[in-house]
Every structure is written in structure tokens, then in C-alpha cells.
Amino acid sequence: MNKNIDVVGAILIKEGKILCAQRGGEKSLPYLWEFPGGKIEQGETPQEALHRELIEELKIEVVVSDEIFDVTSYNYDFGTVNLTTFICHLELGEPVLTEHVAIKWLAPNEIKALDWAPADIPAVEKLSQLYLS
């Protein structure tokens with residue numbers, strides 16, 4: 001039976017650029033790029049989970065939009081990831097690498113060049129379509 005994993009991702013925007021985070025080599029989906037975030041814990045709203053995860057992973061405080069940007073499900077060999085992404089804005093701090101090996105701030109038209117985790121690709125596509133100039 002396939003395990004369902006509910007996760008959230010931040011489309012973090014600063015000065016018109018989007019934060020892209022590269023997973024470490026010891027994690028599942030090694031070295032692929034993703035929107036930072038993580039698992040929703042029991043009793044948390046998706047927005048609360050995202051706020052907590054960004055404090056834990058990147059040591060930053062953000063404002064999370066109430067509106068969902070995109071929802072994607074992707075079947076990996078370890079389970080089905082149900083990813084909900086939200087637009088976020090940096091409120092306090094600068095990202096610190098604790099779980100990722102690299103981050104990049106890229107313009108929306110540049111993000112498709114990265115090797116993204118499959119669950120993140122629909123949001124990447126949607127972003128690049130929305131922000132075409």
C-alpha cells in the first residue's frame with residue numbers, strides 16, 4: 001500500500017526573485033531542487049506547518065499567503081507526496097543552509113533551468129507561465 005505524505009512548499013519571493021533550494025545527497029531525491037518546506041504534522045494547518053518548517057530549515061520568518069498557489073500529487077517509490085504550495089514573503093532573517101546544500105534566488109523565467117523534484121514541477125511550470133514577460 002502506498003503511503004500518503006502531506007507536505008507544504010514555500011514559493012518565497014524577495015525583490016521579484018524566487019528561492020530555490022537544493023536537497024542534500026543523503027536525502028531521498030538527492031540533489032534535486034525544491035521549494036523549501038516539509039511535512040504537515042498532526043493538528044497543524046498547512047500554513048502553520050510551512051511557517052514552522054521555514055524556521056527549522058532556513059532560520060527565517062515568513063508571511064504565508066492564505067491562498068493556495070498549487071496542489072500536486074506525485075507517486076514516488078517511497079509513497080505519494082501531496083504537495084501544497086503557497087506564496088510567501090520574507091519577514092525576518094536571511095536563509096541559512098541547515099538541510100539543503102545550496103539555495104539560489106532566481107527570476108521566474110530562470111527557475112525551469114534547474115533539475116526539480118517531480119512534485120514541484122507543476123508549480124514551477126505555473127510560475128513560469130504566470131510571470132512571463
Side-chain angles (χ1 to χ4, degrees):
M1 176 139 167
N2 214 359
K3 183 168 108 178
N4 272 308
I5 306 161
D6 294 324
V7 299
V8 285
I11 298 169
L12 185 58
I13 300 173
K14 177 182 163 188
E15 297 170 3
K17 297 204 172 188
I18 297 167
L19 183 74
C20 309
Q22 189 177 34
R23 297 175 63 81
E26 71 291 344
K27 296 180 158 276
S28 58
L29 310 172
Y31 302 111
L32 293 181
W33 291 84
E34 67 180 357
F35 295 113
K39 290 180 187 159
I40 302 171
E41 302 292 340
Q42 191 168 357
E44 282 183 320
T45 67
Q47 290 92 336
E48 289 168 343
L50 192 51
H51 192 261
R52 174 187 52 77
E53 284 284 352
L54 293 176
I55 291 170
E56 291 173 5
E57 279 186 16
L58 295 171
K59 309 294 183 204
I60 57 173
E61 294 266 350
V62 300
V63 176
V64 181
S65 170
D66 290 332
E67 189 176 319
I68 292 171
F69 180 76
D70 197 43
V71 178
T72 305
S73 290
Y74 190 85
N75 295 317
Y76 293 100
D77 56 359
F78 56 83
T80 299
V81 169
N82 304 304
L83 171 64
T84 304
T85 49
F86 294 87
I87 300 286
C88 299
H89 297 278
L90 191 59
E91 188 172 51
L92 186 65
E94 285 297 321
V96 175
L97 296 178
T98 64
E99 294 189 19
H100 295 93
V101 295
I103 57 170
K104 291 183 179 188
W105 290 99
L106 297 175
N109 64 344
E110 298 172 318
I111 63 175
K112 284 176 74 174
L114 299 177
D115 190 10
W116 287 89
D120 291 82
I121 290 173
V124 169
E125 295 283 346
K126 187 174 177 181
L127 273 171
S128 61
Q129 291 299 315
L130 282 177
Y131 292 95
L132 283 176
S133 32

>> Take a 6.0 Å sphere around NZ of Lys14 and say whether it holds more than 12 heavy atoms from other residues, nucleotides or ligands.
In response: yes
With the 4.5 Å side-chain cut-off for hydrophobic clustering, are [X] and [Y] part of the same group?
X     : Y      : value
Ile68 : Leu12  : yes
Leu90 : Val96  : no
Ile87 : Leu19  : no
Val62 : Ile103 : yes
Leu54 : Val7   : no

Please report the interatomic distance [atom1]([X]) to [atom2]([Y]), rounded to the nearest 0.5 Å.
X      : Y      : atom1 : atom2 : value
Thr80  : Asp6   : OG1   : CG    : 10.0 Å
Glu61  : Ile55  : CD    : CD1   : 4.0 Å
Lys39  : Glu53  : NZ    : CD    : 9.0 Å
Leu32  : Ile121 : CG    : CD1   : 8.5 Å
Asp115 : Gln22  : CG    : CD    : 8.5 Å

Of all the heavy-atom pairs spanning [X] and [Y], show the shortest one and how long it is.
X      : Y      : value
Leu58  : His100 : CD2-ND1, 4.3 Å
Phe86  : Val64  : CB-CG1, 3.8 Å
Arg52  : Glu44  : NE-OE2, 2.6 Å
Ala119 : Leu83  : O-CD2, 3.4 Å
Cys88  : Leu50  : SG-CD2, 3.7 Å
Ile60  : Pro95  : CG2-N, 3.5 Å

Is [X] reaching over with its side chain to a backbone N or O of [Y], donor-acceptor style, under 3.5 angstrom?
X      : Y      : answer
Lys59  : Thr98  : no
Trp116 : Ala123 : no
Glu34  : Ala21  : no
Thr85  : Asp70  : yes

>> Tell me whether Lys27 is salt-bridged to Glu99, with the criterion being a basic N under 4.0 Å from an acidic carboxylate O.
In response: yes
>> Assess the residue pair Ile5 and Phe78 against the criterion (side chain to side chain contact (heavy atoms under 4.5 Å, CB included)); give the C-alpha distance rounded to whole Å, side-chain angles, the decisive distance to 0.1 Å, and a yes or no.
In response: CA-CA 9 Å; Ile5 306 161; Phe78 56 83; 3.8 Å; yes
> Could you walk me through whether Trp33 and Asp120 pass the side chain to side chain contact (heavy atoms under 4.5 Å, CB included) check?
Replying inline: CA-CA 8 Å; Trp33 291 84; Asp120 291 82; over 6 Å; no
>> Side chains of Ile18 and Ile11, heavy atoms from C-beta outward: is any pair under 4.5 Å?
In response: yes
> Ile40 and Val8: side chain to side chain contact (heavy atoms under 4.5 Å, CB included), yes or no, with the steps?
Replying inline: CA-CA 7 Å; Ile40 302 171; Val8 285; 3.7 Å; yes
> What's the verdict on side chain to side chain contact (heavy atoms under 4.5 Å, CB included) for Leu106 and Leu114, showing C-alpha distance, side-chain angles and the deciding distance?
Replying inline: CA-CA 10 Å; Leu106 297 175; Leu114 299 177; 3.6 Å; yes
